[in-house]
Trainee: 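Take a look at this one; I'll ask things after.
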There are 2 protein chains.
Amino acid sequence: MIDISEVVKRTGLAASTIRYYEQIGLIHSPGRHGLKRIFKSNVIEQLDLIKLGQNAGFSLDEISQMFSNSGQAMIDRNKLKDQANKIDEQIRKLTAMRDGLLHAANCPASSHLECPRFQKLLRVNRRLSTEST
Amino acid sequence: MIDISEVVKRTGLAASTIRYYEQIGLIHSPGRHGLKRIFKSNVIEQLDLIKLGQNAGFSLDEISQMFSNSGQAMIDRNKLKDQANKIDEQIRKLTAMRDGLLHAANCPASSHLECPRFQKLLRVNRRLSTEST
DNA sequence: ATACAACTTAAAGTTGACTTGAGGTCAAGG
DNA sequence: CCTTGACCTCAAGTCAACTTTAAGTTGTAT
């Protein structure tokens with residue numbers, strides 16, 4: 001069991017953020033020492049996953065649906081598959097972006113907007129970002 | 001020259017968004033027809049580029065810095081590469097996560113938390129997300 | 001035993017990125 | 001000429017994700 005300052009140290013998050021996450025049910029503190037929250041040390045892994053999800057463009061709400069309530073990770077196998085598909089979709093988007101960005105970084109065209117390949121990327125991106133996800 | 005409804009049609013953005021982008025200087029309307037804004041048709045590509053940047057994790061502020069004073073999309077190639085690398089890192093993490101989820105969906109362990117492979121995923125992810133990026 | 005640093009709460013404030021609402025203007029069609 | 005609908009403005013509202021503030025409560029060290 002660790003306290004909030006330990007969580008701060010090991011995740012780099014602000015204490016207020018950790019409290020906020022507990023408040024919205026994203027993580028769970030199994031008890032108190034006096035007033036002070038205590039956490040299981042696996043909260044570190046949970047917070048890392050939350051960070052990962054955020055970086056990948058998922059909202060806290062979506063993330064909390066991945067960890068159905070109270071730290072019990074992901075029970076429903078069909079939901080798990082759905083979630084994997086969502087992530088897969090996100091991977092495809094990010095891959096298109098990365099390729100486009102790398103191309104843009106190397107493209108000799110004076111303006112990226114004039115480069116046919118960059119234009120194609122923009123179109124693809126629009127399709128991807130207006131799709132129902 | 002096109003009007004705002006044409007921009008709406010061709011980008012899928014809300015008119016209010018387009019006005020907002022003009023207000024913060026992200027795009028430019030070269031004039032009016034009466035009260036009504038008119039746009040050069042290349043604003044469509046600019047807006048696509050903005051969307052791309054957003055999906056790639058840039059803020060509107062960062063995006064507006066990519067459009068140099070001349071209005072031409074002058075993109076800092078090193079920034080693009082940096083961002084591509086960040087995205088690449090995310091793709092790797094997400095791929096690991098997706099694979100972990102798919103495994104979990106098929107894993108016979110009664111709880112995913114007890115599945116050794118899933119536990120390994122969590123550890124791998126933790127390592128990745130604390131690496132210097 | 002007391003000081004105090006480190007925690008706590010609840011509520012309000014902030015930021016980014018928009019959206020909504022109320023009321024105004026204008027060009028085009030009947 | 002007059003209506004109409006698509007545009008306009010400006011201010012305020014919203015939402016997510018936090019942060020800040022003010023006031024209160026410990027556990028621990030001196």
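Chain letters run A, B, ... following the sequence lines, proteins first and then strands; every chain starts at 1. Predicted model, so just to flag it, every value in this text is computed and none were measured.
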Trainee: Step by step, work out the side chain to side chain contact (heavy atoms under 4.5 Å, CB included) result for Gln54(A) and Leu60(A).
Mentor: CA-CA 7 Å; Gln54(A) 281 189 303; Leu60(A) 292 183; 3.5 Å; yes
Trainee: Taking OP1 and OP2 of dC18(C), is either one under 4.0 Å from a side-chain nitrogen or oxygen of Gln54(B)?
Mentor: yes
Trainee: Could you state the CZ-C1' distance from Arg19(A) to dC7(C), rounded to the nearest angstrom?
Mentor: 7 Å
Trainee: Please tell me if Arg32(A) has a side-chain N or O lying less than 4.0 Å from either OP1 or OP2 of dT9(C).
Mentor: yes
Trainee: Just N and O in the side chain of Thr17(B): are any of them under 4.0 Å from OP1 or OP2 of dA17(C)?
Mentor: no
Trainee: State whether the side chain of Lys51(B) and the backbone N or O of Thr11(B) hold a donor-acceptor pair below 3.5 Å, judged by distance alone.
Mentor: yes
Trainee: On DNA chain C, check which nucleotide each of Leu35(A) and Leu35(B) is closest to and give me the residue with the more 5' one.
Mentor: Leu35(A)
Trainee: Distance check needed: dG27(D) P versus Ile38(A) CD1, whole Å only.
Mentor: 12 Å
Trainee: To the nearest angstrom, how far is Glu62(A) atom CD from dA16(D) atom P?
Mentor: 12 Å
Trainee: In whole Å, what is the span from the CZ atom of Arg37(A) to the P atom of dT25(D)?
Mentor: 16 Å
Trainee: Within this structure, what is the OH-to-C1' distance between Tyr21(A) and dA17(D), rounded to whole angstrom?
Mentor: 7 Å
Trainee: Just N and O in the side chain of His33(B): are any of them under 4.0 Å from OP1 or OP2 of dA28(C)?
Mentor: yes
Trainee: Within this structure, what is the OH-to-P distance between Tyr20(A) and dA10(C), rounded to whole angstrom?
Mentor: 16 Å
Trainee: Is Ser5(A) near enough to dC7(C) that one of its side-chain N or O atoms lies under 4.0 angstrom from OP1 or OP2?
Mentor: yes
Trainee: Taking atom types as modelled, is there a side-chain donor on Asp61(B) or Ser59(B) under 3.5 Å from an acceptor on the other?
Mentor: no
Trainee: Could you tell me the separation between the CD1 atom of Ile18(B) and the P atom of dC8(D), rounded to a whole number of Å?
Mentor: 9 Å
Trainee: With side chain to side chain contact (heavy atoms under 4.5 Å, CB included) as the criterion, how do Ile44(B) and Phe39(B) come out once you've worked through the C-alpha distance, each side chain's angles and the decisive distance to 0.1 Å?
Mentor: CA-CA 9 Å; Ile44(B) 303 296; Phe39(B) 293 98; over 6 Å; no
Trainee: Mind checking if Ala14(B) touches a base, just sugar-phosphate, or nothing, with heavy atoms under 4.0 Å?
Mentor: sugar-phosphate
Trainee: Measure the distance from CD1 on Ile4(B) to P on dG5(D) and round it to the nearest whole Å.
Mentor: 19 Å
Trainee: Give the C-alpha distance, both sets of side-chain angles, the deciding distance and a yes or no for salt bridge (Lys or Arg N to Asp or Glu O under 4.0 Å) between Asp88(A) and Arg98(B).
Mentor: CA-CA 7 Å; Asp88(A) 213 44; Arg98(B) 179 205 55 193; 2.4 Å; yes
